[in-house]
Amino acid sequence: MATALFLIARGVPVVVLERGATPHADPRAATYHPPSLEMLAPSGVTDDLHAAGIIARTWQWRDRAAGLIAEFDLALLRDLTPYPYRLQCEQHKLVAMMQRRVAASPLAEIRLDCEVLDVAQDDTGVTLRLREAGRETSLRGDWLVGADGGRSVVRKSQQIDFEGFTWPERFLVITTDFDFEPLGFAFSSYTMDPAEWTATFKIPGDGGQGLWRCVFPTDPQAPERELLDFALAANRLAAFAPASRGARIVHTNLYAVHQRVARRYRAGRVLLAGDAAHVNNPLGGMGLNFGLHDAHNLADKLAEVWHGRADAALLDRYDRQRRAVAEQFLQAQTIANKQTLEESDPVRRVARQQEMRATAADPARARAYLLRTAMFEGLRAAAAIE
């Protein structure tokens with residue numbers, strides 16, 4: 001939907017194909033970094049996100065036994081961006097905000113209950129075989145952007161390898177109405193522990209009171225039914241924060257976690273973006289944002305080609321730019337985040353925590369760290385690639 005939004009803003013007609021018959025409403029990503037808000041601002045979506053979301057100016061590294069280790073204030077970037085904070089709002093709400101604008105455009109068509117079965121391309125275009133409302137149909141277009149997730153049919157149709165690995169443990173997300181703020185938690189916090197680290201962050205929810213999501217690692221051998229059980233989830237939450245005992249569990253979700261990048265983002269007239277091109281663990285809130293940055297970069301270049309202002313070779317630069325930073329920044333940072341949270345060597349853990357405290361206490365070092373974690377550094381690196 002983001003790719004469509006950015007393309008119609010550049011005068012490019014689009015057809016959006018969505019396998020689902022109704023919009024997704026299950027818990028997914030919910031954190032937006034400053035560059036993403038900047039990219040969405042011209043459409044008015046950023047204003048909508050502010051109306052529906054929660055501003056998180058600070059975020060924390062914590063230790064399960066020792067408490068707060070370091071707090072980082074994104075206000076250090078206020079000279080660089082009009083949005084010096086993280087904004088937290090559930091992904092399905094963002095999609096609805098974008099979808100309203102795409103659907104209202106005379107340049108766009110959205111087709112729901114439409115599954116891509118196969119992709120074939122030639123020198124002049126791309127032909128899709130579809131299952132639409134239960135019957136097989138076909139569709140022809142000039143270009144195809146596969147933004148169809150980690151199991152991308154589009155990527156597989158072009159025999160593009162998805163290189164990387166899968167973590168042995170799955171991540172459990174527990175959503176609760178317990179409020180962590182009185183315990184000193186920022187709206188986005190990462191708690192280190194060699195046995196069971198935790199990531200906590202606040203989301204708006206649907207009732208206006210706000211909810212908290214807590215991410216835990218799990219035993220790879222534990223049964224899914226047991227992990228998703230609300231009573232057992234409440235016990236896990238209470239072991240982490242005893243004051244939460246008796247709080248309501250709103251939702252549990254369990255998912256496998258991968259670190260993978262497509263070998264290429266372009267195959268002729270077929271391009272990849274978002275999770276179809278790269279997947280990563282959610283620690284740091286980077287995956288959704290990185291997909292938005294893909295869409296923005298690709299829309300700029302595809303519009304130039306569409307309007308005849310550039311040769312199609314410009315799209316190879318999209319591949320070079322976004323794939324390089326996926327490997328050097330997205331994968332590296334999210335893997336490092338997980339390794340920091342679960343560090344089992346006490347000497348290394350103490351040294352890392354001392355480094356965090358020193359970084360947070362030094363405005364120059366903190367700013368440099370925030371430029372990387374808020375994704376500015378990756379965008380600058382991509383822009384420098386010819």
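This one's a predicted model, so the numbers in the text were calculated from it and none came from an experiment.
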message: Name the residue from L379, L76, L80 that meets the side chain to side chain contact (heavy atoms under 4.5 Å, CB included) definition with L371.
response: L80

Side chains of F240 and T191 in contact at under 4.5 Å (non-hydrogen atoms): yes

- prompt: Roughly how far apart are S344 OG and M192 CE, rounded to 0.5 Å?
  reply: 11.0 Å

field: Evaluation steps, side chain to side chain contact (heavy atoms under 4.5 Å, CB included), between L302 and V145
entry: CA-CA 10 Å; L302 193 51; V145 179; 4.2 Å; yes

message: Please report the interatomic distance CG(L228) to CD1(I249), rounded to the nearest 0.5 Å.
response: 12.0 Å

message: If you count heavy atoms of other groups shown closer than 6.0 angstrom to CZ of R151, is the number above 12?
response: no

- prompt: Can you check whether E181 reaches F187 side chain to side chain, under 4.5 Å on heavy atoms?
  reply: yes

query: Taking it one step at a time, do T166 and R260 satisfy side chain to side chain donor-acceptor pair (under 3.5 Å)?
result: CA-CA 8 Å; T166 299; R260 298 183 183 275; 3.2 Å; yes

- prompt: Does R19 CZ have over 12 foreign heavy atoms under 6.0 Å away?
  reply: no

- prompt: Taking 4.0 angstrom as the limit, do R266 and D319 come out as a salt bridge?
  reply: no

- prompt: In terms of hydrophobic clusters joined by side-chain contacts under 4.5 Å, are M39 and Y83 together?
  reply: yes

message: Salt bridge check, R317 against E304: does any charged N sit closer than 4.0 Å to a carboxylate O?
response: no

Nearest atoms (heavy-atom pairs only) where L94 meets Y32: CB-OH, 3.3 Å

- request: Indicate yes or no: does R352 engage E343 in a salt bridge with an N to O separation below 4.0 Å.
  value: no

task: For R10, look at atom CZ and say whether over 12 heavy atoms of other residues, nucleotides or ligands are found less than 6.0 Å away.
output: yes

message: Other residues, nucleotides and ligands only: do more than 12 of their heavy atoms fall within 6.0 Å of CZ on R57?
response: no

message: side chain to side chain donor-acceptor pair (under 3.5 Å) for T373 and R86? Distances and angles first, verdict last.
response: CA-CA 11 Å; T373 57; R86 295 179 176 185; 5.3 Å; no

- request: May I ask you to check if R322 and F290 form a cation-pi contact, with NZ or CZ under 6.0 angstrom from the six-membered ring centre and within 45° of the axis?
  value: yes

field: Shortest non-hydrogen contact from L37 toward T46
entry: O-OG1, 2.6 Å

- prompt: Does the side chain of E377 reach to within under 4.5 Å of the side chain of Q333, using non-hydrogen atoms?
  reply: no

query: Any link between I203 and F180 through a network of hydrophobic side chains (Ile, Leu, Val, Met, Phe, Trp, Tyr) touching at under 4.5 Å?
result: no

Minimum side-chain heavy-atom gap H278-L272 below 4.5 Å: no

- prompt: Is R135 atom CZ crowded by more than 12 heavy atoms from other residues, nucleotides or ligands, each under 6.0 Å away?
  reply: no

- prompt: Passes side chain to side chain contact (heavy atoms under 4.5 Å, CB included), L128 versus R140? Steps please.
  reply: CA-CA 6 Å; L128 304 182; R140 176 105 175 146; over 6 Å; no

query: Rounded to the nearest 0.5 Å, how far does CG of D63 lie from CG of D193?
result: 7.0 Å

- request: Given side chain to side chain donor-acceptor pair (under 3.5 Å), test K338 with Q259 step by step and report yes or no.
  value: CA-CA 12 Å; K338 183 176 183 294; Q259 306 278 170; over 6 Å; no

Salt bridge (Lys or Arg N to Asp or Glu O under 4.0 Å) evaluation trace for K93 with D206: CA-CA 10 Å; K93 297 177 183 177; D206 295 326; 3.7 Å; yes

message: Assigning hydrophobic clusters by single linkage (Ile, Leu, Val, Met, Phe, Trp, Tyr; side-chain heavy-atom cutoff under 4.5 Å), is V126 placed with Y265?
response: no

field: Trace of the ring pair (Phe, Tyr, Trp, His ring centres under 6.0 Å) decision for F171 with W197
entry: CA-CA 11 Å; F171 284 13; W197 54 262; 5.1 Å; yes

- prompt: With distance as the sole test, does E18 use its side chain to make a donor-acceptor pair with the main-chain N or O of M1 at under 3.5 Å?
  reply: no

message: Quick check for you: to the nearest 0.5 Å, what is the distance between N280 atom CG and M286 atom CE?
response: 8.5 Å

query: Taking the side chain as C-beta and beyond, is there a heavy-atom pair between V16 and M98 under 4.5 Å?
result: no

field: Contact check, side chains of F6 and S43, non-hydrogen atoms, under 4.5 Å
entry: no

field: Steps toward side chain to side chain donor-acceptor pair (under 3.5 Å) verdict (T218, R170)
entry: CA-CA 6 Å; T218 64; R170 292 168 293 178; 4.7 Å; no

query: E71 pairs by side chain to side chain donor-acceptor pair (under 3.5 Å) with which of R357, Q60, R62?
result: Q60

- prompt: Are I160 and W143 connected in a single hydrophobic cluster, I mean Ile/Leu/Val/Met/Phe/Trp/Tyr linked by side-chain heavy atoms less than 4.5 Å apart?
  reply: no

- prompt: Should the ring pair Y369 and W59 be called parallel, tilted or perpendicular, given that the plane angle runs from 0 to 90° and is split at 30 and 60?
  reply: tilted

- request: Kindly give the heavy-atom pair with the smallest separation between R264 and Q158, and that separation in Å.
  value: NH2-O, 3.5 Å

message: Looking at every non-hydrogen atom in both residues, tell me the closest pair between F178 and A241 and how far apart they are.
response: CE2-CB, 4.4 Å

task: Check whether more than 12 heavy atoms from other residues, nucleotides or ligands sit under 6.0 Å from atom CZ of R78, and answer yes or no.
output: no

- prompt: Are V215 and Y190 connected in the hydrophobic side-chain network, where two residues link if heavy atoms are under 4.5 Å apart?
  reply: yes

query: Does the side chain of L211 come within less than 4.5 Å of H251's, by heavy atoms?
result: no

- request: Return the minimal non-hydrogen interatomic distance between F216 and R236, and the atom names on each side.
  value: CG-CD, 3.6 Å

- prompt: Does some side-chain heavy atom of T175 sit less than 4.5 Å from a side-chain heavy atom of N253?
  reply: no

message: Working to the nearest 0.5 angstrom, can you tell me the gap between T340 OG1 and I69 CD1?
response: 12.0 Å

message: If you apply the rule side chain to side chain contact (heavy atoms under 4.5 Å, CB included), what do you find for R367 with D79, and how did you get there?
response: CA-CA 11 Å; R367 179 182 171 89; D79 63 319; 2.9 Å; yes

- line: Distance col, row D316:CG vs Q321:CD, nearest 0.5 angstrom, shows 11.0 Å

- prompt: Crowded around R309 CZ? As in, over 12 foreign heavy atoms under 6.0 Å?
  reply: yes

message: Please give me the minimum heavy-atom distance between R111 and L130, naming the atom from each residue.
response: NH2-CD1, 4.1 Å

